[in-house]
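The sequence lines fix the lettering, A, B, ..., with proteins before strands; numbering per chain opens at 1.
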Amino acid sequence: MVQISEQLNSYRSGPDENGFFGQFGGRFVAETLMPLILDLQDHYEFAKKDASFKAELENLHKHYVGRPSPIYFAERLTDHLGGAKVYFKRDELNHTGSHKINNCLGQILLAKRMGKTRIIAETGAGQHGVAVATAAARFNLPCTVFMGATDVERQKPNVFRMKLLGADIRPVTAGAGTLKDAMNEALRDWVAHVDDTFYIIGTAAGPHPYPAMVRDFQSIIGQEAKEQMMEVEGRLPDHIVACIGGGSNAIGLFHPFLDDPEVNIYGVEAGGYGVETPDHAASLTGGNPGVLHGNRTYLLQDNDGQITEGHSISAGLDYPGIGPEHAFLHESGRVKYVNATDKEALAAFQLCTQLEGIIPALEPAHALSFVEKLAKDRPKDEIILMNLCGRGDKDIFSVAEHLGVDI
Amino acid sequence: MTISFTTRIDERFTECKTSNRAALVAFITAGDPDVETSLQIMHGLVASGADIIELGMPFTDPMADGPAIQASTLRALAKGHTMKMTLDMVCEFRKTDPKTPIVLMGYYNPIFIYGVEAFLTDAKKAGIDGLIIVDLPPETDDELCIPAMNHEINFIRLATPTTDEKRLPTVLQNTSGFVYYVSVAGITGTKKPDITKVDQAVQNIKAQTPLPVAVGFGVREKQQAFEIAQVADGVVVGSALVGAIEQSLDKNNAATEKTVASVTKIISDLRSGIEEAAQNA
């Protein structure tokens with residue numbers, strides 16, 4: 001669990017008691033949900049300080065997830081790029097194939113403690129849905145996953161996985177049928193089943209305490225990476241990089257490094273067809289502050305405050321918002337937010353597969369595309385650490401389609 | 001903090017109380033199916049017996065609304081409806097109806113983007129009396145509730161079955177105009193309220209505030225209006241109206257000659273339920 005730093009001028013002191021990171025975050029929800037969210041906050045605060053909660057989670061991390069995930073020196077990639085050394089934090093090796101399980105286990109333990117008997121979740125690419133369905137199966141709780149109808153179509157392997165795990169999949173046809181619409185529908189279900197239902201939000205967004213709670217559960221990534229870097233290199237990396245949709249893997253890697261000024265931090269948003277076109281999902285680069293899904297953050301929206309649809313080759317990144325702590329870190333300047341296009345991500349996906357024998361998910365392929373540019377620019381004695389947050393098995397069908405290959 | 005001011009809402013509830021009956025509050029979405037028809041519907045609502053109009057401000061992501069209101073908000077947006085058009089509609093309505101209270105209902109983001117001060121100034125000028133903003137709970141009162149009071153606009157709060165006695169004072173604190181009791185935990189227009197539970201909840205609220213209490217979420221039939229009118233100061237109908245609008249449209253979601261009448265028919269029906277409740281009392 002994260003220790004909130006007491007140090008003055010810390011970037012790690014948020015959120016405040018109302019859930020704000022500067023002007024971002026908060027609790028913008030319907031009254032029906034308010035008592036529930038306050039109750040969740042109390043339970044979470046209590047669990048955070050409870051040694052038995054921590055012990056149970058650590059036990060699951062070690063024996064069920066396979067943590068700690070290794071860090072790996074990507075030697076051939078480094079040679080190929082000819083600059084700074086590139087390391088991967090291998091969260092794609094976790095059980096279920098991504099970082100999402102870190103958060104799901106934390107939240108499901110909390111659901112158990114609160115006496116909730118039913119789990120709901122939203123999912124985009126299906127990685128979070130699979131992790132939730134897995135945790136729900138492991139803890140014997142019925143589980144309903146809301147997924148945009150468009151995503152159900154383009155993520156068939158994950159849909160079938162969730163079904164095998166016993167989850168009830170509800171395709172959502174409203175809007176463009178993607179992640180944002182799935183989240184609306186999950187919130188509607190939650191409002192109607194407040195007594196027995198726990199909503200496991202997959203990203204570091206939503207009403208307080210979700211952004212802080214998801215961050216805390218994901219911070220295991222950065223904590224491990226910090227220790228592992230010290231072990232292997234005897235120092236912290238010069239640069240850390242992660243991809244961002246809602247931003248849960250990124251905040252998990254970044255948070256333990258925020259108060260280490262010698263570490264440069266980069267978040268890579270989905271540039272889609274290019275941030276100069278309307279078809280991207282780069283909320284920080286191409287959006288502006290607004291209020292959606294319970295928090296104030298950067299959103300893709302029109303001049304009238306209507307939310308627009310994000311586009312990305314990666315279904316895990318096409319959310320039109322971003323976690324509020326990232327909005328705060330963006331405005332404070334501590335983290336630099338850049339982007340990679342569909343094309344660049346696709347190229348990085350292939351490069352990683354060919355040089356390292358690792359098929360990355362399309363999400364971290366965005367981060368990798370930026371790492372390519374950064375490594376080429378930086379001297380050989382510098383170190384870049386990238387979070388390889390998911391594996392790409394789920395993406396091979398859509399990659400084949402983009403490459404014009406019939407499988 | 002208390003700021004003292006009177007709006008058309010207060011006056012209307014007083015009038016209804018004098019006639020010993022509950023007020024009928026009617027919700028429609030602004031710009032559905034188009035601005036012109038929407039305006040005709042507003043006048044039609046008043047003519048057929050509605051006391052207060054709630055005008056939905058369309059939003060792409062209406063998280064607390066059921067399928068009927070979601071669909072209506074998206075129909076309005078598909079026609080290019082904007083916040084400015086909603087406010088202009090109210091200006092136009094006020095030219096011939098200076099008395100009927102109008103409450104704008106919706107979500108915070110379109111207001112936040114319009115700019116809170118600019119919005120409140122323009123809303124007051126247009127003749128808006130109150131606001132119901134679903135995703136602004138009392139914890140966020142500094143955002144819009146307090147500024148609205150400074151512009152003499154009522155900020156009407158929702159109380160729900162999950163609002164327990166401990167939380168109720170927080171909910172009531174800066175509420176003015178009336179209290180909107182959401183009779184079911186859920187989204188708009190999906191479940192039927194249980195009248196005994198509603199009665200108890202309304203009494204609990206009234207024990208803590210002198211404000212009128214209106215009850216909504218799931219009201220469709222005359223019998224329900226009849227029952228609710230006996231335990232509350234107001235009956236709110238929404239999904240039934242926007243559902244009727246949807247049914248009346250042609251293949252291209254354009255208004256037909258049936259559109260206005262389909263709404264006014266429901267209103268007259270509910271109003272007669274309220275009148276019968278008044279005679280029954």
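With a threshold of 4.5 angstrom between heavy atoms, B/Val171 approaches chain A through side-chain atoms but not through N, CA, C or O. With a 4.5 angstrom heavy-atom cutoff, B/Pro67 does not touch chain A via any of its atoms. Within the 4.5 angstrom heavy-atom criterion, no atom of A/Leu36 approaches chain B. Of the atoms belonging to A/Asn18, not a single heavy atom falls under 4.5 Å from chain B. Proximity to chain A (any heavy atom under 4.5 Å) is restricted, for B/Leu77, to the side chain, taken from C-beta onward. For chain A, the nearby part of B/Phe112 is the side chain; its heavy atoms alone come within less than 4.5 Å. Using a 4.5 Å cut-off between heavy atoms, A/Ala174 contacts chain B through its side chain alone, with no backbone atom that close. Contacts of B/Thr140 with chain A are made by side-chain atoms alone, with heavy-atom separations under 4.5 Å and no backbone atom involved.
Other residues, nucleotides and ligands contribute at most 12 non-hydrogen atoms within 6.0 Å of the CG atom of A/Asn303. More than 12 heavy atoms of other shown residues, nucleotides or ligands fall within 6.0 angstrom of atom CZ in A/Phe20. Residue-environment remark: CD (A/Glu17) stays at or below the threshold of 12 foreign heavy atoms within 6.0 Å.
Taking B/Pro138, B/Pro110, B/Ala64, B/Ala159 one by one and counting their heavy-atom pairs under 4.5 Å with chain A, the maximum is reached by B/Pro110. Your options are B/Lys84, B/Glu143, B/Lys166, and the one with the most heavy-atom pairs under 4.5 Å with chain A is B/Glu143. By number of non-hydrogen pairs under 4.5 angstrom with chain B, the leading residue of A/Asp195, A/Asp181, A/Asp302, A/Val29 is A/Val29. In terms of heavy-atom pairs under 4.5 Å with chain B, the best-connected choice from A/Pro289, A/Gly294, A/Pro207, A/Ala186 is A/Pro289.
Note that CG of B/Asn109 and NE2 of A/His293 are 11.0 Å apart. Values are rounded to the nearest 0.5 Å. Put simply, OG1 on B/Thr73 and CD on A/Gln306 are 7.0 Å apart, with the number rounded to the nearest 0.5 Å. The structure places CG of A/Asn184 at 10.5 Å from CG of B/Asp65, a figure rounded to the nearest 0.5 Å. A/Gln301 CD to B/Thr60 OG1: the interatomic distance, rounded to the nearest 0.5 Å, is 9.0 Å. Atom CG in B/Asp135 sits 10.5 Å away from atom CG in A/Leu187 (nearest 0.5 Å). Expressed to the nearest 0.5 Å, how far CG of B/Leu158 lies from OG1 of A/Thr32 amounts to 7.5 Å.
Contact check for A/Asn288 versus B/Ile113: side-chain heavy atoms found under the 4.5 Å cut-off. At a threshold of 4.5 Å between non-hydrogen side-chain atoms, the residues A/Val291 and B/Tyr107 do not count as touching.
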Between B/Gln70 and A/Arg188, does a side-chain contact (heavy atoms from CB on, under 4.5 Å) hold up when you go through it step by step?
-> CA-CA 12 Å; B/Gln70 280 178 59; A/Arg188 289 184 185 114; 3.1 Å; yes

Where do A/Glu31 and B/Val182 land on the side-chain contact (heavy atoms from CB on, under 4.5 Å) test, with the steps shown first?
-> CA-CA 10 Å; A/Glu31 176 58 29; B/Val182 171; over 6 Å; no

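Here the shortest heavy-atom pairing between A/Leu38 and B/Arg167 reads CD1-NH1, 3.6 Å.
Under the side chain to side chain contact (heavy atoms under 4.5 Å, CB included) rule, B/Met63 has a single partner from A/Val191, A/Leu292, A/Leu33, which is A/Leu292.
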